[in-house]
> 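Quick one: structure below, then a few questions.
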2 protein chains.
Amino acid sequence: MSTLNPDAPEPLYEQLATILRERIRTGEIPPRRALPSNRRLTLDYGVARGTALHAVAILVEEGWAYSVPGRGVFSVADNDRPDRR
Amino acid sequence: MSTLNPDAPEPLYEQLATILRERIRTGEIPPRRALPSNRRLTLDYGVARGTALHAVAILVEEGWAYSVPGRGVFSVADNDRPDRR
DNA sequence: TGAAATTTGTGCGTATGTATT
DNA sequence: GAATACATACGCACAAATTTC
């Protein structure tokens, strides 16, 4: 499992966004499947809530995922993937 | 809307504190009403989080506002306003 | 019915590091 | 060195929506 490097020049939220983006892009997280919850991300990657929120917000803004309050954050449908444009 | 001047001798947090103080004093922000959130202030005035926090902290210290954990920062009740003393 | 747990979103407070003046 | 300002990151609290029991 990829881990984060606090000493790297890239911010933790960017590193985490990159990891999650790859997990979606490669299909490890299939289309329309829930991403790990915010809580899980903090536990799995050892970051604060805000940091995990920031990472996911980047994916949402980039079009890799969408969030549903009370439910979770989901990877977009195959046809909606940004790298298909 | 008042804006901030990075070239002025007064620090940005002081300029912002002055603006918010006026907005309370004039009643534009009524008593016991929530001030703009930290996030809103950063967006509206183009400053960093810390700068907006600093400005609001000044108002709290002066007695123009009080903060409620998990909720926000609110203008004081009419009777508690510093200019009434 | 409804209470509890989960999840996302938002809010403030604080600390640290970097750059600038 | 001190003050200002930005970015990053941690922590904790409150709210609303949803799911589960």
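In what follows, every heavy atom counts, from backbone to side chain, and hydrogens, waters and symmetry copies are set aside. Chain letters run A, B, ... following the sequence lines, proteins first, then strands; residues in each count from 1.
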> What is the distance, to the nearest angstrom, from the CG atom on B:Asn5 to the P atom on D:dT4?
16 Å

> Figure out the CG/P separation between A:Leu12 and C:dG17, and round it to whole Å.
14 Å

> Could you check A:Leu35 against B:Arg39 and say which one's nearest nucleotide on DNA chain C is further toward the 5' end?
A:Leu35

> Kindly say if B:Thr51 contacts the phosphate of D:dT4, meaning a side-chain N or O under 4.0 Å from OP1 or OP2.
no

> In terms of side-chain geometry, is the basic nitrogen of B:Asp78 or B:Arg84 positioned less than 4.0 Å from the acidic oxygen of its partner?
yes

> Same hydrophobic cluster for A:Leu35 and A:Val76, using side-chain heavy-atom links shorter than 4.5 Å among ILVMFWY?
no

> May I ask you to evaluate whether B:Ser37 reaches the phosphate of C:dT10, defined as a side-chain N or O under 4.0 Å from OP1 or OP2?
no

> Between the base of C:dG9 and the side chain of A:Arg49, is there any donor-acceptor pair under 3.5 Å?
yes

> A:Gln15 vs A:Thr18, test: side-chain contact (heavy atoms from CB on, under 4.5 Å). Steps then yes/no.
CA-CA 5 Å; A:Gln15 295 180 45; A:Thr18 299; 5.7 Å; no

> What pair of heavy atoms forms the shortest contact from A:Arg81 to A:Asp83, and how long is it?
NH2-OD2, 2.8 Å

> Report yes if at least one side-chain N or O of B:Ser67 is closer than 4.0 Å to OP1 or OP2 of C:dG13; otherwise report no.
yes

> How long is the line joining CG of B:Leu16 and P of D:dA5, in whole Å?
10 Å

> Among the nucleotides C:dC12, D:dT4, D:dA9, which one has an atom lying closest to any side-chain atom of B:Tyr13?
D:dT4

> Atom CZ of B:Arg40 and atom P of C:dC12: how far apart are they, to the nearest Å?
12 Å

> Both A:Pro69 and A:Gly46 contact DNA chain D. Taking the nearest nucleotide for each, which residue is further toward the 5' end?
A:Gly46

> Report the distance from atom CG of A:Leu53 to atom C1' of C:dT6, rounded to the nearest whole Å.
14 Å

> Is the shortest heavy-atom distance from the side chain of A:Ser75 to the side chain of A:Trp64 under 4.5 Å?
no

> Rounded to whole angstroms, how far apart are CD on A:Glu10 and C1' on D:dA9?
16 Å

> What is the distance from CD1 of B:Ile58 to C1' of D:dT4, rounded to the nearest Å?
12 Å

> Expressed as a whole number of angstroms, how long is the span from A:Tyr66:OH to C:dT7:P?
17 Å

> Checking contacts here: which listed nucleotide (D:dT19, D:dC6, C:dT8) is nearest the side-chain heavy atoms of B:Ala48?
D:dC6

> Base, sugar-phosphate, or nothing: which does A:Val47 touch, judged by heavy atoms less than 4.0 Å apart?
sugar-phosphate

> Within the structure shown, what part of the strands sits under 4.0 Å from A:Gly50 by heavy-atom distance: base, sugar-phosphate, or nothing?
nothing

> How would you label the contact of A:Val73 with the nucleic acid (heavy atoms, under 4.0 Å): base, sugar-phosphate, or nothing?
sugar-phosphate

